[in-house]
Amino acid sequence: MFRRGGPARVSAVRSALYALSLILNIGTSLILARRLVAKDYAAYQFATKRIVQYATVPVSFFGLWSYRYLVARRRGAMGALLLLLVVSAAISIPLGLYLEVKESGVGFLSAAMASVVLVAQNAYFTATSALDALRPLRRALLSVIYRLLYFAAVAAALYVMTPSLPHAFIGTVVALLAGAAVGAAWLRGVVRREQIEGGLETLKEWARTSKPLIISYLLGFLASLDAVVAYAISGDLVVAAFFIAAAVATLVRESANNGLSYLHQYVLRTGDVTGAARAVYVVAAAAAPFFIYAAVHPVYVIDVFNPVYRWGAAAMAAFMVIAIIEVLNAGLSNMAYGLIREVGPESVPAFTRVGVLTSMPSAVYLGSLAVALYALRGYGPSVMLLGWAAAYGLRFALLASIVYFRLMSREARMAIRGRLGKLLGQLALALALATLISPWSPPRAGLLASIEVLALPGIVYLAAYFGLVVALDREVRGSLRSLVMGILS
């Protein structure tokens, strides 16, 4: 369907497919936010967004090595990944039971279902990790298929059956296992026998060379404890509001970041940082208007999810601005990883340095979050949520600065620097248009009414933004022309 092309084209196609999955996921997020009470919604998000980070430690810990070994078609790479899946699945059940009961305060049935969800997430994560390295466009297509299954299964679980936390978990398990099965079927055609054989030996090699992974993972792991800290200091209302306020940013950001993840293997294979910088710019310029419109009109966006969280509007705006930095950081980080050309033990010194430098912002984030929430605990949930946003923004501002100034080559910095000015111009254009093209009426009650009030002017706004950007920017026009030719050829 698509010819092998430049990084901007592949990144744009991947981002477009993830954007389609984003639309489907918005529907699922709305169902979850509206059909589950705050305690159940917080428990669901805690399991699927935070506990899963603990349960997938074996797979994600060696994720960087497995990705690079699969890209380089090294022997035993897939076999080692499957062994890690078995270990991750084994620890998911007790971990899910313990943390859901202890932190979220749910019953045994809900905690047991959360554990099953974690096992299914491990299976899906393993399939997508391999596809990302071996079939990057199929990986993006699988995201669309999974999100469609996820929407249908959760809708059936919460509308056809009684809306409850165990039913939400059941729908999630069905979608995850079906998505993992599709991914496994696609992998059968590209994984060679020698990539499965010798998995234990390859895993031992990864363990011997795991020094940079240990450094980065132990400190980076701290960031995933943010919800645990917030539960202890601020309670489930602020945790639920955090996931609501960050939901829109998360959805658009995931679409952009997954498109940009291709740059790791592209720069590793080709060394072309100019093409990679172009891809970062194009994807960031495409994602920017969504963030800016939500930042300018946060109440309307929150109403679509659940109007009871209107008090978090200021934090919503802050998370939207931070998301722009996150997208840039994703592109820069993948370029930096690709600039390390060695694969295997030879790459350990370089990745040790990367791990030390990029892990520090996570430690700063957790510490500043605890201090902010504790200091603001008497000022109400809206102020505490703003404190959370400030700590979150500090983390990614530090991370982007470290990657740009300490990890990028001079050529890469020059390629990025030449496009930052243009991106700032696109942000200014998006801000001006978002201010001029406001929702045409005050917020309305009801899901369909709130979507209509936001979507109609939003479509006009996006049409105006993209029309002007394409007309004024030659680089964007060239990338768009390349994308269309790739689709039609």
**Report entry** Ring-ring centroid check Tyr365 Phe396, cutoff 6.0 Å
**Finding:** no

Requested in this report: Spell out, as yes or no, whether a donor-acceptor pair under 3.5 Å connects the side chain of Ser143 to the backbone of Arg139.
Outcome: no

Query raised in the report: So, the side chain of His167 versus the backbone of Met161: is there a donor-acceptor pair under 3.5 Å, distance only?
Result: no

Requested in this report: Given side chain to side chain contact (heavy atoms under 4.5 Å, CB included), test Tyr146 with Val182 step by step and report yes or no.
Outcome: CA-CA 9 Å; Tyr146 163 67; Val182 173; over 6 Å; no

**Report entry** Intermediate values then yes/no, side chain to side chain contact (heavy atoms under 4.5 Å, CB included), Val154 and Leu158
**Finding:** CA-CA 6 Å; Val154 169; Leu158 297 184; 3.9 Å; yes

Query raised in the report: Residues in side-chain hydrogen bond (donor to acceptor under 3.5 Å, both in side chains) with His297, at least two apart?
Result: none

Report summary line: Correct closest heavy-atom pair for Leu260 and Ala279 would be CD2-O, 3.8 Å

Query raised in the report: Ignoring hydrogens and geometry, is there a side-chain-to-backbone donor-acceptor pair from Arg35 to Tyr159 under 3.5 Å?
Result: no

Query raised in the report: In Å, rounded to the nearest 0.5 Å, how long is the span from CG of Leu134 to CG of Leu70?
Result: 5.0 Å

Report task. Give a yes or no on whether the backbone of Glu342 and the side-chain of Arg68 come within a donor-acceptor separation of less than 3.5 Å. Result -> yes

Requested in this report: Not counting sequence neighbours, list each pair that qualifies as a side chain to side chain donor-acceptor pair (under 3.5 Å) and has a residue in residues 171-190.
Outcome: Tyr44-Thr172

Query raised in the report: Ser164 and Asp40: side-chain donor and acceptor closer than 3.5 Å?
Result: no

Query raised in the report: Should the pair Phe242 and Tyr392 be assigned to parallel (<30°), tilted (30 to 60°) or perpendicular (>60°) ring geometry?
Result: perpendicular

Query - side chain to side chain contact (heavy atoms under 4.5 Å, CB included) evaluation trace for Met113 with Leu118 - result: CA-CA 9 Å; Met113 287 307 306; Leu118 296 176; over 6 Å; no

Query raised in the report: Are the side chain of Tyr461 and the backbone of Pro289 linked by a donor-acceptor contact shorter than 3.5 Å?
Result: yes

Query raised in the report: Among all residues two or more places apart in sequence or in another chain, which pass the side-chain hydrogen bond (donor to acceptor under 3.5 Å, both in side chains) test with Arg73?
Result: none

Query raised in the report: Taking only residues two or more places apart in sequence, or in another chain, which ones meet Phe125 in a ring-ring contact (aromatic ring centres under 6.0 Å, His included)?
Result: none

Report summary line: Heavy atoms of Ile325 and Ala400 approach each other most closely as CG2-CB, 4.1 Å

Report task. Using only heavy-atom distances, determine whether the side chains of Tyr266 and Asp272 contain a donor-acceptor pair under 3.5 Å. Result -> yes

Query - Sidechain-backbone polar pair: Ser115 side chain, Ile93 backbone, donor-acceptor under 3.5 Å - result: yes

Report task. List in chain and number order the residues that pass salt bridge (Lys or Arg N to Asp or Glu O under 4.0 Å) with Asp226, two or more places apart in sequence or in another chain; answer none if no residue qualifies. Result -> Arg50

**Report entry** Heavy-atom donor-acceptor pair, Thr202 side chain to Arg75 backbone, under 3.5 Å
**Finding:** yes

Query raised in the report: What pairs with Glu197 under salt bridge (Lys or Arg N to Asp or Glu O under 4.0 Å), at least two apart in sequence or on another chain?
Result: Arg193

Report task. Starting from the C-alpha separation in whole Å, work towards a yes-or-no answer on side chain to side chain contact (heavy atoms under 4.5 Å, CB included) for Tyr465 and Tyr293. Result -> CA-CA 11 Å; Tyr465 172 84; Tyr293 201 73; over 6 Å; no

Report summary line: Interatomic distance, CG@Asn25 vs CG@Leu20, rounded to 0.5 Å, equals 11.5 Å

Requested in this report: Starting at CG of Leu407, measure out to OG of Ser333 and round the result to the nearest 0.5 Å.
Outcome: 8.0 Å

Requested in this report: State, without any angle test, whether Gln426 and Tyr281 hold a side-chain donor-acceptor pair at a distance under 3.5 Å.
Outcome: yes

Query - Closest heavy-atom pair and its distance - Trp206, Ala77 - result: CH2-O, 3.7 Å

Query raised in the report: Donor-acceptor pair, Asn334 side chain versus Ala330 backbone, under 3.5 Å?
Result: yes

Query raised in the report: Do any N or O atoms from the side chain of Gln195 and from the backbone of Arg192 form a donor-acceptor pair under 3.5 angstrom?
Result: yes

